[in-house]
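Side chains are part of it too, since the values below use all heavy atoms of this structure and drop only hydrogens, waters and symmetry mates. Positions are given from 1 along the sequence.
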Amino acid sequence: MNKPREQWGSKIGFILAAAGSAVGLGNIWRFPYLAGQNGGAAFIFVYIICVIAIGIPVLIAEILIGRTAQKNPVGSFKMLTTSKFYHGIGGMGVVAGFIILSFYSVVAGWTIGYLYEAITGSLLNYEVAAEASNHFFVLTHDPVWNVALLIVFMFLTMGIVYFGVQKGIELGSKIMMPLLFVLLVGLMIYGLTLEGAFKGLDYLFNPDWSKINSDVILAALGQAFFSMSLGMGAMLTYGSYLTKKDNIPASSVWIAFLDTSVAIIAGICIFSVVFATGQSPDVGPSLIFRTLPVVFAKMPGGHYFAIFFFFALSLAALTSTVSLLEVVTAYFVDEKGWKRKNAVVVFGTLVTLLGIPSALSFNALENFKILGKTFFDLTEFISSNLMLPIGGFFIAIFVGWLWGFDKVKELVKEGSEKLFDRLPWLMDFWKIILRFVAPVLIIIVLLSSIGIL
């Protein structure tokens, strides 16, 4: 006899867990440097439009598939369609989660390494960016440092998923997400007290519309899509633990709101101190690991600011890795009848082993190239640039065209009847986005990410 499927203990538990999946290094590490490279306020304006117009509609679709089928990505499509192609799309989501977790945990491990560096005060030894950059180079070129931190981070991830949906993921999210939010707000307030910090606000919220071009729009669209964990099966899997009483559209709006809020608050945190200490906002991906140590060294209370910042960054990374491991775990529990604890241990270990070549891509294996890419770059390209947009595209097509929209209407209304009674045009808006707008824009992102556009 099958055990009854686990469910979220509360609506807020689901929202915090799903928001935690979306909130990660993409918000605190990637969003600020993309904003810095793409004109600050102009980029943020386009990003918010993309979240509202594409992110939320596709998020609703993905969660709805999971809630309706009460299964993992593969099991969901098996239940809802006889198409072997879509069974494969579900399988691709599981594989994508597995691959992303392997390389993401390498960078996530750096956050713990830098938290340790902050606690010991090592980060405050550098007065110019070149010195901090060299320190970053030395650390990441140490194979033992990289691999050890990968193992530590995967151990933490496995520990949370091991205890299940309510006692592990939900409980962890209820602690980690509010703590992350409080830490970031505290850091933001502190940063704004620094002399010259308001130049950062001006940069982030006073748009120069001339900055908006095709590159900025593509960067914002790609960030909105990837930041919300779309197309990798995480939101579908989390949606499978919902009941029919849960309001999917309202939950999706809350998830997007929390995800975007964290990104903007992180931007204020970073750019307030970057401008207050005379650093450049457009240095790119190295902004946090190579530039902020110099910022911390120059500011009053920088030692504590550094500790809190890298602790918050570690929490953000952990809430995302938990959701990725859950995608793989749910597949083997649902489809293969594995016990959750066994699936977590076996596949958490396999992910760690797959992550080791990625960890060594910055040192021992840096000259080992496949198709001109290191192992880290190759796994990131295959999963993030190919699998995620392809998964998101076919989710939009399935819900918008193939599932039968009359049926979809009734399913999405469960738990949200009042919303659609009050605003009936929302259903037509959602349908148009899923059928026409999202597929076209996702294809544009896909072609751009592989260098065709």
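Partners of Tyr47 by ring-ring contact (aromatic ring centres under 6.0 Å, His included), not counting sequence neighbours, listed by chain and number: Phe31. The side-chain hydrogen bond (donor to acceptor under 3.5 Å, both in side chains) test applied to Thr237 returns no partner, not counting sequence neighbours. Not counting sequence neighbours, Ser252 has no partner by the side-chain hydrogen bond (donor to acceptor under 3.5 Å, both in side chains) test. Partners of Glu326 by salt bridge (charged side-chain N to carboxylate O under 4.0 Å, His left out), not counting sequence neighbours, listed by chain and number: Arg340.
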When the side chains of residues 345-353 are checked against the rest of the protein, which donor-acceptor pairs come out under 3.5 Å, sequence neighbours left out?
unit_1, atom_1, unit_2, atom_2, d
Thr349, OG1, Val345, O, 2.6
Thr352, OG1, Gly348, O, 2.7

Would you tabulate the side-chain donor-acceptor contacts of residues 215-222 under 3.5 Å, counting partners in other chains and residues two or more places apart, or write 'none'?
none

Compile the donor-acceptor pairs under 3.5 Å between side chains in residues 423-436 and protein atoms, sequence neighbours left out, one pair per line.
unit_1, atom_1, unit_2, atom_2, d
Trp430, NE1, Pro57, O, 3.0
Arg435, NE, Gly400, O, 2.6
Arg435, NH2, Gly400, O, 3.3

Atom pairs and distances, donor-acceptor, side-chain atoms in residues 89-106, under 3.5 Å, two or more places apart:
unit_1, atom_1, unit_2, atom_2, d
Ser102, OG, Ile99, O, 2.6
Tyr104, OH, Leu25, N, 2.8
Ser105, OG, Leu101, O, 2.8

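For residues 169-182, the salt bridge (Lys or Arg N to Asp or Glu O under 4.0 Å) pairs, not counting sequence neighbours, are Glu170-Lys174. The ring-ring contact (aromatic ring centres under 6.0 Å, His included) pairs that include a residue from residues 230-255 are Trp8-Tyr238, Trp8-Tyr241, Trp254-Phe257, where partners are two or more places apart or lie in different chains. Listed by first and then second residue, the salt bridge (Lys or Arg N to Asp or Glu O under 4.0 Å) pairs that reach into residues 405-414 are Arg67-Glu414, sequence neighbours excluded. Residue pairs meeting the salt bridge (Lys or Arg N to Asp or Glu O under 4.0 Å) criterion with at least one partner in residues 195-212, sequence neighbours excluded, are absent.
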Determine, stepwise, if the pair Leu446 / Leu386 fulfils side-chain contact (heavy atoms from CB on, under 4.5 Å).
CA-CA 7 Å; Leu446 174 62; Leu386 299 178; 4.1 Å; yes
